[in-house]
Amino acid sequence: MIDTIAALSTAQGPGAIGILRVSGSLVLPISLAVLERNGTPLTQTFIQNQKRSAIFCDFVENGKPLDQIVFIYYPAPNSYTGEDLAEFQLHGNPILLKRALHVLLEKGARPADKGEFTKRAYLNGKINLSGAEAISRLIEARSKYELELAQKNVFGEITKLSSKIRSDLISLKAECEAEIDFSTEDLTFESLEERKNRMAALKNLCSKLIKDSERAESFILQSTVVLYGEPNTGKSSLMNVLIGKDRSIISDVPGTTRDYIAEELSLDGIPIRLVDTAGIRETNDTIERMGIERSKREADSANVKLFLIDTSLPFEKETFFAKHKDRLFGSLIVANKIDAKHPSWQMESVHNFKEEFQLTISEISCKTKQGIPELLELLKSKLTSKDDTEDLVLLEDRQRYHIQKIESCLSEAIQLMENGAPAEIYIQEINVALQEIGQVNGTVENEEILGRIFSKFCVGK
């Protein structure tokens, strides 16, 4: 008998509906014990005749209705887990859902562990390991790019790539074995150079897959954007505009921001850590000086640095670039307060230094919001211009490990061939590579490894 598990599969907190999921051998007996329609218990025959159909009925506890629900029964093997599975769709009150789950547990189910539904789907052959990991990534995606990469894996991108690698390895192994077994026969085999080229091409595919995954990781990691510059240039005002609330204190008094202030936001799906820093100036105030030093460290490690200029003040380009030359390289210059700009401010003045300092320039007014949309587009461009995610693939740490092992095996096989080793020797490296590719999509028997993979899932999935 397969023990029966139950869990809340929708998010915690109030909602329109909440779904309790039950899977295992006792799904039907448990369901029959808690479901009625018009005061009459549902029968097994009725439920089985309505498989995979929505049944409107009452969820009861000891004959007393708890809620009017929609019930769906998925008989094995045509369910997510490959077992008998049922979904109880209740109203999304957390107290109600907790009570209903308690009733299901009283009737013979046990609380599901993290990821146990998906683990059972894997063990029952409903999904491979790469697909299971992709589902976890899809649920927890924190940005548009991570979601897109997870969707590619859910639809089998890793499975297709690993299948190609496996097919190529089998072809190489077959050619090597044929040469070993029929070496005395008058047969023609591919040349060593052709075989080595095939191995090199497969090794390069693995190398590209690893590099693409590393670039994909850089897209989904949070980017740090630092607001930098002299005091009273509008850094705190821009911070408040970008996050849509008054987070930083705004004052005409220089040195108001004594330490950096950080907030997290999403720019069209790009996760950003936005940092408002202390204004850069000479000061005798010990605390302000400490804040300025911290701000410099934040700016040095930033993915993008927005260097603000107050255009309402007289601007002398030679003095400005001499003063800040060590801090400007690669910055996005944000010329603020253009609603009240001084006659000395001219975009052409900064343009002369664009190439030398690799600058991007944007004019804005935090007061009137002029130029803010254009600034956001420039910022988005800076954060995404490194690569295009369309051709990238995201590997989980476990998958990357096995691909790296295959790359290493192929490198060793090529080296052995170049040193004149017979096929009986370098075929061993191909055998190890085949074992490694089998681990990617899932011939994983180690319970500890499976437990580590599925422990990352939420309960109910």
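Every value quoted in this text rests on a predicted model; they were computed, and no experiment measured them.
No donor-acceptor pair under 3.5 Å is formed between the side chain of Lys107 and the backbone N or O of Leu26. Listed for the Thr10 side chain is a donor-acceptor partner under 3.5 Å among the backbone atoms of Ile19. No donor-acceptor pair under 3.5 Å is formed between the side chain of Ser213 and the backbone N or O of Leu209. Here the side chain of Ser331 pairs no donor or acceptor atom with the backbone of Leu359 at under 3.5 angstrom. The closest donor-acceptor contact from the side chain of Gln346 to the backbone of Pro343 lies under 3.5 Å. Between the side chain of Ser207 and the backbone N or O of Lys203, at least one donor-acceptor pair lies under 3.5 Å.
Residues Tyr74 and Ser23 have side chains not in contact (no heavy-atom distance under 4.5 Å, counting atoms from C-beta outward). Here the side chains of Leu306 and Val225 are in contact, with some heavy-atom distance below 4.5 Å. Residues Glu83 and Asn124 meet the side-chain proximity criterion, which asks for heavy atoms closer than 4.5 Å. Using a 4.5 Å heavy-atom cutoff, the side chains of Ile364 and Leu238 are in contact. Residues Ile165 and Asp168 form no side-chain contact, since every pair of their non-hydrogen atoms from C-beta on lies 4.5 Å or further apart. The closest side-chain heavy-atom distance from Asn153 to Leu138 is not below 4.5 Å. Taking the side chain as every heavy atom from C-beta outward, Arg398 and Leu129 approach each other to under 4.5 Å. Proximity of Thr233 to Phe307: side-chain heavy atoms (C-beta onward) are nowhere separated by under 4.5 Å.
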CA sep, side-chain torsions, deciding dist, call: Val440, Gln399, side chain to side chain contact (heavy atoms under 4.5 Å, CB included):
CA-CA 5 Å; Val440 173; Gln399 296 165 341; 4.3 Å; yes
Using side chain to side chain contact (heavy atoms under 4.5 Å, CB included), reason through Ile55 and Tyr73 one step at a time and then give a plain yes or no.
CA-CA 9 Å; Ile55 301 172; Tyr73 170 60; 5.8 Å; no
Would Tyr401 and Leu395 count as a side chain to side chain contact (heavy atoms under 4.5 Å, CB included) if you check the C-alpha gap in whole Å, the side-chain angles of each, and the deciding distance to 0.1 Å?
CA-CA 9 Å; Tyr401 169 81; Leu395 295 174; over 6 Å; no
Stepwise, does the salt bridge (charged side-chain N to carboxylate O under 4.0 Å, His left out) test hold for Lys380 with Glu377?
CA-CA 5 Å; Lys380 186 168 65 172; Glu377 286 301 314; 3.4 Å; yes
Going through the distances and angles, do Gln415 and Ser411 end up as a side chain to side chain contact (heavy atoms under 4.5 Å, CB included)?
CA-CA 6 Å; Gln415 188 64 51; Ser411 293; over 6 Å; no
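Taking CZ of Phe59 as the start and CG of Leu20 as the end, the distance is 6.5 Å to the nearest 0.5 Å. Atom NZ of Lys382 and atom NZ of Lys305 lie 10.5 Å apart (nearest 0.5 Å). Between the CD1 atom in Ile372 and the OG atom in Ser365 there is a gap of 7.5 Å [rounded to 0.5 Å]. To the nearest 0.5 Å, atoms CZ (Arg273) and CG (Leu265) are separated by 12.0 Å. How far CG of Leu90 is from CG of Leu66: 8.0 Å, rounded to the nearest 0.5 Å. Taking CD of Glu263 as the start and CD1 of Ile272 as the end, the distance is 12.5 Å to the nearest 0.5 Å.
For Arg110, the salt bridge (charged side-chain N to carboxylate O under 4.0 Å, His left out) criterion is met by Asp3, Glu116, not counting sequence neighbours. Remark: Asp67 pairs with no residue by the salt bridge (charged side-chain N to carboxylate O under 4.0 Å, His left out) rule, at least two apart or across chains. Partners of Asn93 under the side chain to side chain donor-acceptor pair (under 3.5 Å) rule, at least two apart in sequence or in another chain, do not exist in this structure. Among residues two or more places apart in sequence or in another chain, the side chain to side chain donor-acceptor pair (under 3.5 Å) test is passed with Thr159 by Asn128. Take Arg166 and apply the salt bridge (charged side-chain N to carboxylate O under 4.0 Å, His left out) test, not counting sequence neighbours, and it matches no residue. Partners of Glu316 according to the salt bridge (charged side-chain N to carboxylate O under 4.0 Å, His left out) rule, which considers only residues two or more places apart in sequence or in another chain, do not exist here.
Listed here is the closest heavy atom pair of Met199 and Ala413: SD-CB, 3.8 Å. The two atoms that bring Ala54 and Val70 nearest to each other are CB-CG1, 3.7 Å, heavy atoms only. Ala6 and Leu101 make their closest contact through CB-CD1, 3.9 Å (heavy atoms, listed as atom of the first residue, atom of the second, distance). Of all non-hydrogen atoms in Val34 and Phe88, the two that sit nearest each other are CG2-CE2, 3.9 Å. Closest approach of Asn336 and Cys366 over heavy atoms only: OD1-N, 3.2 Å. When all heavy atoms of Ala11 and Leu8 are compared, the pair lying nearest together is O-CD2, 4.4 Å.
Counting heavy atoms of neighbouring residues, nucleotides and ligands inside a 6.0 Å radius, atom NZ of Lys126 exceeds 12 of them. Within a 6.0 Å sphere centred on CD of Gln12, heavy atoms belonging to other residues, nucleotides or ligands number 12 at most.
Checked against the 6.0 Å centroid threshold, Phe320 and Phe315 count as a close aromatic pair.
Note on Lys160 versus Glu157: salt bridge recorded, some NZ/NE/NH1/NH2 to OD/OE distance being below 4.0 Å. A salt bridge does not link Asp276 to Lys235: none of the charged side-chain nitrogens sits closer than 4.0 Å to a carboxylate oxygen.
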